[in-house]
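Here's the structure we're looking at; comments come further down.
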Amino acid sequence: MKRFVYADNAATTPVSPVVLGKMTEVLTDVYGNPSSIYSKGREAAVLLAEARAKIAGAIGATEREIFFTSGGSEADNWAIKGAAEVMAKKGKKHIITTAFEHHAVLHCTQKLEKNGFDVTYLPVNSDGVVKLDDFTAALREDTGLVTIMMANNEIGTVQPISEIGKICREKGILLHTDAVQAMGHIPINVADLSVDMLSVSGHKLHAAKGVGFLYIRRGVRIANLMDGGAQESMRRAGTENTASIAGMAAAVEDAVAHMDERHSKILAMRERLIDEVLKIERSRLNGSRTERLPGNANFCFEGIEGESLLLMLDNLGVCASSGSACTSGSLDPSHVLLAIGLPHEIAHGSLRISLDYTNTEENVDYILEILPTIVRKLRDMSPLWDRIIGSQK
Amino acid sequence: MYSAKVMDHFANPRNVGELADANGVGEVGNPRCGDIMRMYLKIENGIIEDVRFKTFGCGAAVATSSMATELVKGKSLEDALLVTNKAVMDALDGLPPAKIHCSVLAEQAIKAALWDYYTNIGVDPKPILGEIESDCHGCCGTEGCGV
């Protein structure tokens, strides 16, 4: 039988049994519209309130600070565009972000630049972490919004959000963080982080696709992105995706309850994977080994190209990812790998393996069994590898 | 996104490797853009008797190289010149739009090897082959990598 290993949990995760059970129950029985006045509607409204309370509790927020969205991208778009609209009215035109944000953030700030905003894209160091000095140096009188991811989606590196948060709070600057990758994997407390807004996606933690939320700190006003009905305290229109929301709440509750034990298990697998993969000559780990999400391993192999590597892994039943050009439809290598200072020719050969608690040591064994052979096979047919080895001689 | 033929030529590439007795060798592409193709031709009496390739690149780069070698193998030089990027693409049942440049690279790799062959036998290749785009021509959508 062909073996199968799903090792792309940073891309998405399978819906867990607990989430599926909850969603099935809601889809079957709790089909009322939460805005309806009758009991069937009220039942759905109660369900939503429970979900909101669970999620708020998991991040140290209150129910009134949680707003359900269609996912992480909508939450990012809303936070950034909504804050920018309010900023502009106050005469503030400057936004600070980083060079290696997710495109849901970068494409928003690029659009705002076209509309007259100034955006500073902070560099990151070779470990994939923003330096506080660079951040403080970028602050201006008219800085109105800072948006920096909690953990990077390609290399998993964790950013110093609480330090940045303290500075922002002192100066009265709004801070948004994209916590899509971090949620459920490392502890998140909005008060400790001093964030004003925080984006989360459900499908990265075993909930369904198409659901997420934005935390907006009480008292923080941002413009609406979605206009229409009075849902979500009149701030996000559209009938709530009740089944997915209830599922996401169950997923968040489950992730937080088991975080410590899963963290140890995942970390042990990941560390072994890194130790063994780095035995392949001319390979490297991208991003800090310690300041990163437990399940993330991102490698570069000189002389080969990422998409070829992924296709060969897929042929042998392993799902992984690459920051390579080819996967995104653009021909540029990963903006994240370029941001940490890798040259183009090396950045083309990247591989992201993202493990989670559903993976096993046997999964790691299998990856380690096939990966070196695939790398060798691709290098054997690579004229670039010939050059690298030739110049070494 | 890839056709079954592309996947087949990627997973089981034809004519991979080097030719020790090649009399025409050409290389196109560059590492910055993420693809390099090197073609080896063994030409006797105006016929491509044997061909090999080595490629650094994505799945489409490998598949187009492989298909290009299949299309020129055993052909006369005149016929080999008719192997265009479109012929390579058609033989692979098409390519995604972002990958069309791979087929261009494959055509250019064959031409670069032929250029080397003509030069080796003392024939000016330019009137036969025209210009070869052996390097980056802005495929990444920017002004090009200038390599």
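Chain letters run A, B, ... following the sequence lines, proteins first, then strands; residues in each count from 1.
Within the model, atoms CD1 of B:Ile36 and CZ of A:Arg387 stand 4.0 Å from one another, a figure rounded to the nearest 0.5 Å. With rounding to the nearest 0.5 angstrom, the CD atom of B:Glu18 is 5.5 Å from the CG atom of A:Asp386. B:Ser66 OG to A:Met381 CE: the interatomic distance, rounded to the nearest 0.5 Å, is 8.0 Å.
Nearest heavy-atom pair, A:Pro383 versus B:Glu27, reported as atom, atom and distance to 0.1 Å: CB-OE1, 4.2 Å. What you find for A:Ser308 and B:Gly59 is that their closest heavy atoms are OG-N, 3.7 Å.
Of the two parts of B:Ala61, neither the backbone nor the side chain holds a non-hydrogen atom closer than 4.5 Å to a non-hydrogen atom of chain A. For a residue to count as touching a neighbouring chain, one of its non-hydrogen atoms must lie under 4.5 Å from one of that chain's; by this rule A:Ile304 touches chain B with the backbone only.
Ranking A:Leu309, A:Leu384, A:Asn315, A:Leu378 against chain B, the residue ahead of the rest is A:Leu384, based on heavy-atom pairs under 4.5 Å.
Inter-residue side-chain proximity for A:Glu307 and B:Lys99 is flagged as met; some heavy-atom pair is nearer than 4.5 Å. Taking 4.5 Å as the limit, every side-chain heavy atom of A:Glu345 sits out of range of all side-chain heavy atoms of B:Asn30. Residues B:Asp35 and A:His348 have side chains not in contact (no heavy-atom distance under 4.5 Å, counting atoms from C-beta outward). Looking at A:Ser382 and B:Thr55, their side chains never come closer than 4.5 Å, going by heavy atoms from C-beta outward. The side-chain heavy atoms of B:Phe56 and A:Arg379, taken from C-beta on, include no pair separated by under 4.5 Å.
Remark: A:Lys377 NZ is loosely packed, at most 12 non-hydrogen atoms of other residues, nucleotides or ligands lying under 6.0 Å away.
Between B:Lys54 and A:Asp380, no side-chain nitrogen of the basic residue sits less than 4.0 Å from a carboxylate oxygen of the acidic one, so the salt-bridge criterion is not met.
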